[in-house]
Every structure is written in structure tokens, then in C-alpha cells.
Amino acid sequence: MTDLAARSTKTQRSLKDLDLRAVAPFVALLLLLILGTFANPNFLGVDNLLNVLTRSAFIAIIAIGATFVISAGGLDLSVGSMVAFVASLMIMFMNSGAIADPALMLVTAMVLAIVIGAACGWANGIITTVFQIEPFIATLGTMGIFRGLTTWLSQGGAITLRSPDLQNLYRPAYFGQVLGVPVPIIIIVATAAIGAFVLYRTRYGRHVIAVGSNEDVARYSGISVNRVRTVTYIIQGLCVAVAVLLYVPRLGSTSATTGTLWELQAITAVVVGGTALRGGVGRIWGSICGAFILEIVGNIMLLSNFISEYLIGAIQGAIIIIAMLVQRSLMRRN
Amino acid sequence: MTDLAARSTKTQRSLKDLDLRAVAPFVALLLLLILGTFANPNFLGVDNLLNVLTRSAFIAIIAIGATFVISAGGLDLSVGSMVAFVASLMIMFMNSGAIADPALMLVTAMVLAIVIGAACGWANGIITTVFQIEPFIATLGTMGIFRGLTTWLSQGGAITLRSPDLQNLYRPAYFGQVLGVPVPIIIIVATAAIGAFVLYRTRYGRHVIAVGSNEDVARYSGISVNRVRTVTYIIQGLCVAVAVLLYVPRLGSTSATTGTLWELQAITAVVVGGTALRGGVGRIWGSICGAFILEIVGNIMLLSNFISEYLIGAIQGAIIIIAMLVQRSLMRRN
Amino acid sequence: MADAAATRDMPVMQVEGLSKSFGPVEVLRDIGLSFHAGKVHAIIGENGAGKSTLMKILAGHLEPTNGTIRIDGEPVTFTGPVEAEARGIVLVHQEILLAPDLTVAQNLFLGRELSNGLMVDDRVMNERAAKAVRDLGVKIDPRVVVGRLSIAQRQLVQIARALLVPHRVAIFDEPTASLTPVETEALLKVIDDIRNSGIAVLYISHRLPEVKTIADTVSVLRDGNLVATHPAADLQPVDMARLMVGRDVSKLYPDRHAAATRRPALEIEDFSVPGYASHASFTLGKGEILGFAGLVGAGRTELLEGVVGLRTAHGAVKLAGKPVHFANVHDSMRAGIVYLSEDRKGKGLLLQQDLRVNLTLASLGRFMRGLVIDRRKERAALDRAIGEFDIRGGRKEMLAGQLSGGNQQKLLLAKMMMLEPEIVVIDEPTRGIDIGTKEQIYKFIARLAEGGKSVIVISSEMPELIGICDRIVVMRAGRIVGEVTGEHMTENEIVVLATGATAEEAALVAE
Amino acid sequence: DQKFTMGVSIPAADHGWTAGVVYHAERVAKLLMAEHPGLNVIVKTSPDAASQANALQDLAVQGINALVILPSDPDPLVNAIKQVKDKGAFVTLVDRAPSSNDDSVRDLYVAGNNPALGAVAGKYIKEHTPDAQVVVIRGLPIPIDQQRQDGFDKAIEGSNVKVLEKQFGNWNRDDAFKVMQDYLTKYPKIDVVWCQDDDMAVGVLQAIEQAKRTDIQYVIAGAGSKDMVKKVMDGDKLIPVDVLYPPAMIGTAMELTAANLYDKVPVRGNYILDATLITKDNAKDFYFPDSPF
Ligand SMILES: Nc1ncnc2c1ncn2[C@@H]1O[C@H](COP(=O)(O)OP(=O)(O)OP(=O)(O)O)[C@@H](O)[C@H]1O
Ligand SMILES: Nc1ncnc2c1ncn2[C@@H]1O[C@H](COP(=O)(O)OP(=O)(O)OP(=O)(O)O)[C@@H](O)[C@H]1O
Ligand SMILES: [Mg+2]
Ligand SMILES: [Mg+2]
């Protein structure tokens, strides 16, 4: 009887199948790169590509957190305003002069940002899980709350890092390079690697996928669904904080409009990267690729000089749809 | 033998339970009304309430369409920019002077708006169903496209209805009253009644719920899932067009900012009204109630004297979360 | 039985040279069968033999890779189930295929709503739905949303839905798997009526006595091949089992060393699950196999879900004499109790994930190497589980949802056993399981008990409870109404307790 | 003629005034390129500060000799502007000044006068309706809005003019309509509305008309859109004046920058345009019927 069970396993085919899904966003990226070279000869320059990768850092890092939230069947619309909120508090703390030594001040401020980010994420998690409010509405609510608090903190104006010492000390965190690679790119890769490790290799990551696939099955398997979901929101908060750590040295200032619509961009990056919004699938590297795609679309628009600036939005929209079409047709081919 | 097997199912319990769900948003509305009377004595005045109801018309009418889309398991993020697009085309047509007679011109323009709205919705439907792109991304793409086209049409500025004749003729469509009831309120009720009839009483409405509840079952039952979904997007487009018919006479002009974030408001109204984002449940009257709730929250903020203008966003966010909490606790009580 | 129906020589439906592959895996090979009006044709076979696949092909849900289907001698190809239904072929699926948010009546008439003018006529549909369900011997309010029904009730709704279509061939894929004897009896009566009205019935079941009762012809599938077709009269259940499994299945139920210790492993006192079960008290001895009998809706599932912390409940729970409280199922798992849900698709397995992920989901702690999940160890465990539980599928990388129903059950069993529990609660352990595997599962349960573990079996199959349990608790309408042991463990006594009927009425049912 | 490239970075046309900026930038770009055959002007629009920083990088990649920038939000863009300047480009900053607006950031600063926009409106109200009860509709909570508000507050300081309330109308007509409706509900007597922006005035006027309120004496908006200038010209009672804050300043800045490139008139430092009060008398000077704004 048992020998019947030992049938041939066709590993190859299933791997190919799987790969194609994971590879699809990268193919879309490649097509865009080719398109870009036609738009402007400078496009494929190292400088330009490094620029684009570097500035995709915010969305890419936020998208890593969003991948966790979405794979677990959640959604977080508050990340954009969370960036503004965390960044504002961080700059206000640095402006407070509570610590005299600039280096110590900077480190404390960074830790503070991380703690606040985690706390904001935790709040989102609790509202959606314990109070069982649809993530869409819950995080739309906290989006309003974070944005409102930021406006209030800034009294409608900007919050700007005042100390030039701190500014100079902190600047390299965004503008610096290590072995010719801009720091933000290193941070993207490092964050994604950690994210991928947690999602694919650890028990918690397996639980995330289980919860996103079928909440009941997860619960009946002894997984604390609420805890797993809440932690995905905390991870999202941490990723937002990491993005803030890069954002503050870049612009040195925030206002009530910082990070508007980043939530939509992050979610778009995640979906373009192959993660399904219904949960149960998570592709960290795909999300990074999605963030690159979004940034490159904008870059091509800017570099190509034949598109009316009024139409940029329309063409960006069209390109995203086409990128998804490329993906779909690749997947269906398999 | 047969009678042995025949055991009573708990019908009563489930029916009562159902009612409570449908009633919950109205309870939240009631609580808000009570809150409002504390905020300002003018709040409960007929004038103020009529104002609030009247201006909720756009979101309410769009939310009716969104209820169809969402119950069928879809999502439409493009409605806000669709409003801008359809309204711009409508005004441009009226400015073109193609028809001399104002009344005939107005009627033709209205028909045109409806046709364009339906066409935009149809486009959304085709992209999500035939090309199978996640609604979130597909309609985010068309949102960019409609917005971009509007910006391009208006060259970034405003498109204003020029003919004073037409303006005067059309004005009552928003500002007029019938037996003391503002026209927009009548239109809300009429559209909702039609929507409710279609969703609850017709075969098509039944199919919408079935598709949202379980796509496979719907397909096996001989329902053309793609067709049903596409039609929900067309209905959404029609509702957007109806909203435009009310919008144009109000300010007589559109700009690139017309309708920004209306999609989030419409979806919020739908969810606050008790429709689940996963599909399979649709509550037309709940969505209308949700739109009222959103508008009343803003109204209370403005009428109350103790809130800093910087904090309004934060408090709106908090109130929406609380409204959902009220709902949830009512439902869980059952 | 068969001669009561009209017999015609011309088969209503025929298949010739039919085969089906999923990718490289061939699950049906060169099947040739004919089905006649007024006959019940049973298809039996082990889990994964290809029965459901064959039925899905007949009903237009799947396309055959090769072969022809003929209706009234004329070859047909279906573009989908709707077209098959139009030709009079209806299929009651093994899985529940209903829209959970619609009411019973709305589901019954989905895609073929009755309308007066523009409006759907809910009043008439509700009436007709009520009647259709009543004809199956149950009373379900047609206005109730299907998501609120128990699995058994959903199964009945599904049957009612199929039978509402004018049909010439009615296919039932394990319709009785989640039904209790009472409902089974009623359903078999319905099928008999259908046959007598000149319909060709195809019937799949793992309950061989049932097959013996109802079928005119029996075909046996083994591993995708048609191995035999015989008149039912010529076959006894034992013969059927032998044809299916390819060996003798002489004794289904294992010998029990009756001497279970009376030392209590689990004591439940005055335990209530609001809305479902109230004031339940029972004790499970160490090394004991305790059965739970009752009709559908008796609240057995909910009571035990309450005990393991899956539902809000109150009452006293003692584990090996010590009072415990399980706030959630994680607590009870750590305390050594596992619960296997009856709803293996909805609550047991992640259908979109592969076998390995499913197998280790509840016991990942055992597969950690530091922070990392040891995939090699997982794969080794999967190999072992495939052997031990005889899980049959095409390849190890397949998704759990692609396993046949019975093999899903085995995978769920394997998944929970990974936790090496002290107390196992199995809800409907052999629902949809073939007879060979059943034997294995019984043996497995008996071995657990012999190894000092305690087992609670909730089952709607009374012979199974009687065959393997030391003691049977009977529930009715959320209350424990009695307990039978020893020679009192007869279907008769259980039915008396379960229904509250008189002994004579019960005898009729249990006969 | 020498070959030069001038990059122009401006906010996307997300409301009337910025649309005017885009219009004038395009208009002047064409003029300049016709005037100097060697000059290439690249105009880029961005929806927010972060993407404008990206746009600056992209312009820098294409190699520019001069940058004219109207930042959507000045402080966050300082670093990005400095980067361009450090590469040797001539930088002209338009309209919106960061907190430290000095030579390290830009070579030339061309601006409308935001505080003055508020101050002129405040002064007009103080002079014409000394005891007015005023409601204020602000724009978005960003610094220029704050500067206008501060200018206004300073101008009416010590007078009898009373501000009943301030709320944000997001430079959006629909939001301004709502805010005004609620003001009208809340306050039985309003003398003057200061709504800071012509776009929002459209909504305000409709709300007043709908309520049929006669207590409102006039509305002061600002910017100088063609619709509002027309109303001033026609002697509309509710719009007696408008405060100029011309989107055409971007054109001025581009012309000055081109002049710098071709060494005609080296201009550095500050170049502040007045917040002129548009009245019936001078309105025709500020009326551009072809502009989208
Ligand atoms: N979609 C699919 N993809 C791959 N393999 C599949 C798929 N569906 C079924 N199979 C395989 O086909 C074989 C036959 O499955 P089928 O469901 O027909 O078995 P069955 O005889 O009905 O078994 P059971 O008694 O357990 O219901 C199984 O090995 C199953 O794993
Ligand atoms: N989600 C639900 N909401 C309300 N009632 C429900 C729900 N699910 C099931 N019920 C009802 O609860 C009762 C008990 O359910 P169930 O049939 O699962 O009991 P059971 O004793 O486990 O029976 P079996 O094991 O034979 O299926 C039934 O009357 C059923 O209709
Ligand atoms: Mg089967
Ligand atoms: Mg049960």
C-alpha cells in the first residue's frame, strides 16, 4: 500500500512555476529599463540609476513592512502620515537640546524614532485585532490621527532640524556612500534581507502566511491570530521608523504634507511585486522590485522631455497597469 | 422517521442578529446627532441638517455604486478622479456651444455625462475582469489616468461653465427645493431606492452578492462572473455621473483638485455602513448612512468651538474609529 | 430492488477510453462505463482513486484529457457545468459549494432565480426551497444564511439544490459523509425515489453497507484504473473492500484490550458553551477511547471546541486531577490536548499551501534550528507522515487543496499527531475515508490508547463508535443525556438517547 | 549664442495658483528659447517635496547651468537645492523661502510677499470695516499659509477687527464651500470673509448666495485669478478688491535667470514682488484671459 504513495515527484516543474511568479515583477522592471534607455541617454548612467535606487528607499522600506501586513491579510493606510508623525517627533526631540553631545543626541533620537514607530504600529494592530475593526477603516482613522497630530505639532508650518552640527553629523546617513554604494541602498538591502529571513525562515513568518491564508486554520493550529497580526503592524511601524531615519537626514525637515499618499505607493509596490492583497502570499524582494518600478516610472517621465507635464499622472497610471499586465501574462503562460 | 430528523434551526436568533447588523450604523448616526447638539445649539436646526445632508450627496451617491462594486468583491479607487474627468468633459461640452438652445444643450450634456461615466466604469470593469488585474491596482492606475487627463484638459487650471444662461438654468439642480426638500436629498433617496431595488430585488443583484460571496459557486451556477463584476463598475460609473450632474450646478466649475480623496470617503462610507470589504454583503441604506456620518463628523468639528483647527483631522479619524467600535459592540452583543 | 424500476438497454450516459491528467500525473486511465436509466450505479475506490475527478468530468467541471462522453449514444463535450446541467446532468459535490452569504433559498435558486417581472420572487422561492429541503427529511429555514448552517445542513442544502434542476443523471459524490444515520436513511430513501422515477443515479460512498443497500451496479476504481464492474447483488461489502484495496480487509475494528485504566486524564464538570452546550460533565480515563454520539446539531463539536479553548465557555476542567484553564487553543495544545476539526477544509488545512507547510504548522517548535525552520527536518517528517498515514497524491510539492478528500483527512491527522499529544479529540475522524484507510486510522487510535494516551472520538457513524470506543457519551440538544458501555453500546440504545424517541421508533431507524 | 540649459522645477498644477505657475513657466520658457537659440529650458512639475527633490536630481543628471525652483515646501528641499548649487549651477529660488534663506542656498530669490498678502488684506479690512467680524479660511497647513496668516494677524493687531474663527479649506473650492456653509450656520453675523485664495472664494461665494445672507459685506481672496480679477473689474459688490500674488512671478524669475546666464544684468540677492491690491481701477492690468488661472 505504501509503495503506491511513493510516486514520482516532479519537483522541477513546480519550481519553475513558482519562479515565474516570483520573477514576473523583475521582468517588468527589465522592460522598463529598456524603455528608459529610449527616453533619455542619461537614463542608464550609474549616477542616475543610483539616484533612483536611493530615493526609492522610503517606499521600498515601508513596502517591506507592508508585505508583512498584507500577507497576514491586513492593510495599513496610515504609513504615510506615520512617517510625518515619527519624523516630526524625532526632529522636535533633536531640537529640544535635551542632550548636549551631538552623537549621543543623534543615537537617542534614532532609538526614540524606532520606539515611536513601533508604538504607532502597535496601536494600529490593537485597533484592528482586539477591536476587530476592518483594517481599511482602522488605519484610515489612524492616518487622520497621525496627520492631525503632525499638523498640530508643527502648528501648520514646518518642523526643521535646527542644529547645524547635528545636520552635518546626520547627513551621511542619506547622502553617504560605503564602497561607492549609497547608504540608503545598503539599508534597503539589509532591511529586505532581514524581512525575507523573518518571513521565509522563521516560525513567526510561517505563522504570518498561515494567518493570511486562512485565519481559522491558523487559530485551530494553536496560532494566536491577533498576536501575529499585531506584530505585523509593529513590523510595519518599525519599517516606517527606518524610513524616517533616512528621511530626516535627506530633507532635514517635515511638514504636515510629508509622506502624503505614500501609503498608496507602498501598497502598489507590494502588489506590483506579486503579493496578493487577499493575504497568504508574501514576496519581500518583489515588493522592493515594485518600489523600484514605481520610482523608475517617475524617473523616466522626468527624463523624457516629450511628455506634457499635465499628462504625467495619466501615463504613470497607464504604465502601472501595463506592468501588471506583463506580470499576469507571464504567470498565465507558466 | 422524517420527523425525527426534523429539528428546529435557530431562525429567530439569526434574524434578530441580522437586523442589528443593519441597524448598527444608524445607531452610530444617532449617537453623533446627540453629540452634535452638545457641540452647538444650531446643530439640530433644520437649515444645518439640510445643509449637511445636501452636501453629503456626492459621497452618498458615489457610495451607492461603491456598494455594488464592493459587494461583488471589487474595489474602485478611481471614483474621485472620475468625477473630475466627467465633470470637466461635461462643462467643456457646454462651453463648446455646439447646441444653441440652452435647455436642449443641458439635457444633451447630462446624457453625455452619463454615457461618459458608464464608459469610464466599463473601462475599470474590463481591466479588472478580463485582464484580471487586482482592482486595487487597476483602479489606482485609472485614477491616475482620469486625474491626468483632467489636468491636461484644464491645463492645470479650472474649467468654468461660461454661459450665464446655462448656469441659471442648471443652478436649481443643486440649490433648488421640491416641497421644501433640497433636490440633492431627493436624488440621494431616489438613487438609493433604485440601488436597493436592483441589489435586493432583482436577479442581477442576487448575482452580485453571489459573486462577492463565492466566485466559484457563482460560476458553477452559470453566472457570468466577469459580466456581473463589469456591470458593478458600470453602475459605479453611472453613480459617479449622477454625482457630477449635481456637482456641476453647485460651483459651475471643476479643477484638477475636484474630487480628490473622494474614493477613500466613499469606501469609508460603505464600510461604516456595514458592507464588508471582502464582498458578499451589500447595504445600500447603510452606505447612505455612512456618508451622512462622515459629513456630520466634519460639520460637528466646524460647529464646535473647542477644537484647534490643526487637530480636526486627528479627531475626525478618532471619531470614525469610535463609530466603528459602536457598530462592532452592537453586533457582538446580538 | 432494481427490477422495480424500468430498464432500458440503451444507456443514458456512456464514457469510453476516458483519461485525465493533472500536469504529468495521470489520475484516470482509460475508463469505460455506461449508466442506465432507473439504476443506481455506485463507484467505489480508495481515497485518491479518481472518483471525484471522474464525476467532475461527467458533470462538465473538468475536461477529460482523452476519451468520449456520450449521452443517448451521441458524443458530447461540455464547456462547463452549466451546459451539463442543461443536458440534465447534476452533480452533488464532495466539497460544499455554496455561497455562504446567501440564504438557503437564494442558494438553491442561484443562477436560475424565479422572477415576476423584474423582481425576484422570494416568497415562492422560499416556499419551494422549504419543500425541497423538507423532501430530504430535514427542516431548515430557507431564509437562514448558509454560513450559519452546520456542515451536515449545508450538505443537505447542496443536495436539494442539485435535485431542483430537471435531471436525467444525478451524481452524488459522498453525499452521506457528513450525515448521521437518520439523515442518511432519509437520503437513501430519496435516492430510491429518484431511481424509481427513471433517473440514472451515480453514487459514491465509502460506506460499503450503504452501497450494498442502494446500488444496482458497482464499479471499482483503483489508482485511476477501472478494475471491476459487477451487479451489486453479487457483491458483499467484504468483496467490495477487497476489490478496492486489493487485499482482504477482514476485520475493520481492532481488538481492544478492554482494560483502560480508570485514572482520569481529563475531567469536565458543569461545562457550558453559550448557545450550544450546557452543563456538561464527563470524565476521560487515561488510555481510554471515549465516543461522543448525537445527531447533527447536538452540540458535540461546540462542546469540545469549548473544552480546548476554541470557544468562549465556562466550567471546570481538570487535567490529570489538576484544575486548568485554557484561554485559547495554544494553551490546551501545550497542555497536551489536540483537537482535529471536522471541517478540514475550513479549519484544518491551508488549501493554498503545500503539504510540508501544512504538516508542521501546529508543531513548528519541533522543527527549529535556532531561529530558523529546519526545512530538511520538515521534509523528512513529511516523508515519514506520507508513509505512516499513507497519504497519496501526485507529488510532495502539491498544494493541500489538490489532495483528494480522504487524503486531506489523513494529512490533518498527521499534522496534529506531530504534536505528540496526551489527549486527542478527533471530530469525525473517518468522514470520507476509504475502508482500507479507516482500518488504519482505527488501528492508529487503538495504538494511541494502548500507549497510554486518551482519545475522544466524535462521530456520526455509530458502528464506528461502537467498534472502537470503550464508552460512548450521547448528546442531545446541547446536553449530555446519557452514557453507554459494554453490551449497551448498540445503535438502538444510542438512537434512543440521541433522539429522545421511544425504543420502538428508534429500532425502526437503527434497523 | 552660448549653449545653456535652464532647469525649472515647480509644483504640479494641483490647484488654480500652481496651475497659473505652470502656465507662466511654459509661456516664458517658449519666449526665452525663442530669444536665445542656444538656451534649452526644461520645465518639470512635482506633486510634493520628496518628489521635487527627485526631480532636482533628475535635472542635475541632465546637466543644467541654472535652476529656477519654486519649492512646494521649502525647508525639506534645502539639501536637494544645495546639492545642485554645489555642482555649480546658478540657483534662483522663487516664492517660498526656507527658514535659512541665504547665499548658501540660492543666488537669487524672487518672491511674492506672503506676509504682505495677509497684511494687505488685513489692512484693507481694518480701514474699510474697522469693527468687522471676520471669518478666515486658510489653505493647507504648510509654512506659506502660516506666513500669510501671521501677516494678517499682525495687520489687524490692536484694531477692533475681530477674527471669529480660522479653518483650513485646503485651497479647494469644495472644502471652502463646506467650511463657509458651517460658518454661516454658526455665526448669525459675519461682516467679512478672508479666504486667502481665489479658488476657495468660488466656493465661499456659492455658499453665501445659497444662504441668501446679506450681512456679509465682502470677501477678500488673494492671488489674482482671472475670474476674481474680472469680478473686481466688473464692480462685484462682494469682491471689491483682490490681493495680487501673481503666479507670473515664475516667469520673472526665469527671465532674470536667463539674463544672468547671458551676462546682461547680473542680478543677485532678493527680488520681492509686491502684494498689490487689485482694485476696480487697476484691475485690467492684471487680467490674463488666456491663463488657466
Ligand atoms: N487540481 C488537481 N491538481 C493536481 N492533482 C489533483 C487535482 N485534483 C485532484 N488531484 C489528484 O487526483 C487524484 C484523484 O483525486 P480524486 O479527488 O478524484 O480522488 P477520490 O477518488 O475522489 O478520493 P476521495 O475518496 O478521497 O474523495 C488524487 O491523487 C488527487 O491528489
Ligand atoms: N456559525 C453559526 N452560527 C449560529 N449557529 C450555528 C453556527 N454554526 C452552527 N450553528 C448551529 O449550531 C448547532 C450545532 O452545530 P453542529 O451541527 O456543528 O453540531 P454537532 O453536534 O457538532 O453536529 P455534527 O458533529 O454532527 O455536525 C446547529 O444547530 C447549527 O445550526
Ligand atoms: Mg472524492
Ligand atoms: Mg460536529
Nearest heavy-atom contact between D:Lys178 and B:Arg55 is O-NH1, 3.4 Å
Chain D contact via B:Ser304 - side chain, backbone, both or neither, heavy atoms under 4.5 Å
backbone
In this structure, are over 12 heavy atoms from other groups packed under 6.0 Å from B:Asp47 atom CG?
no
Side chain to side chain contact (heavy atoms under 4.5 Å, CB included) for B:Asn48 and D:Gln181? Distances and angles first, verdict last.
CA-CA 8 Å; B:Asn48 185 54; D:Gln181 264 196 342; over 6 Å; no
Heavy-atom pair count under 4.5 Å with chain B, highest-scoring of D:Tyr183, D:Tyr23, D:Phe177
D:Phe177
Considering only heavy atoms, give the residues of residues 186-202 of chain D separated from chain B by less than 4.5 Å, sorted numerically, with 'none' for an empty result.
D:Lys186, D:Tyr187, D:Val202
When the 4.5 angstrom heavy-atom criterion is applied to B:Trp152 and chain D, the contacting part is neither
Using non-hydrogen atoms only, which part of D:Asn170 is less than 4.5 Å away from chain B: side chain, backbone, both, or neither?
neither
Please state whether the side chain, the backbone, both or neither of D:Val179 comes within less than 4.5 Å of a heavy atom of chain B.
both
Over all heavy atoms of both residues, which pair between D:Arg173 and B:Leu251 is shortest? Give the atoms and the distance, please.
CB-CD1, 3.4 Å
Interatomic distance, B:Thr160 atom OG1 to D:Lys226 atom NZ [nearest 0.5 angstrom]
7.0 Å
Taking C-beta and beyond as the side chain, do D:Glu209 and B:Phe175 meet within less than 4.5 Å on heavy atoms?
no
Taking atom types as modelled, find out whether D:Gln210 and B:Arg171 have a side-chain donor-acceptor pair closer than 3.5 angstrom.
no
In short, B:Ile312 meets D:Gln167 closest at the heavy-atom pair CD1-OE1, 3.0 Å
Could you look at B:Phe58 and say if it's the side chain, the backbone, both or neither that has a heavy atom under 4.5 Å from chain D?
neither
When B:Ser253, B:Gly45, B:Ser154 are compared by non-hydrogen pairs under 4.5 Å with chain D, the top option
B:Ser253
Which one of B:Asn299, B:Asn40, B:Asn51 satisfies the side chain to side chain contact (heavy atoms under 4.5 Å, CB included) criterion with D:Asp182?
B:Asn299
Is B:Tyr174 in contact with chain D via its backbone, its side chain, both, or neither, using a 4.5 Å heavy-atom distance?
side chain
Can you find a heavy atom in the side chain of B:Thr258 that is under 4.5 Å from one in the side chain of D:Asn172?
no
Which atom pair, heavy atoms only, marks the closest approach of D:Thr185 to B:Asn42?
O-ND2, 2.9 Å
Take atom CZ in B:Arg162; do more than 12 heavy atoms of anything else shown fall under 6.0 Å from it?
no
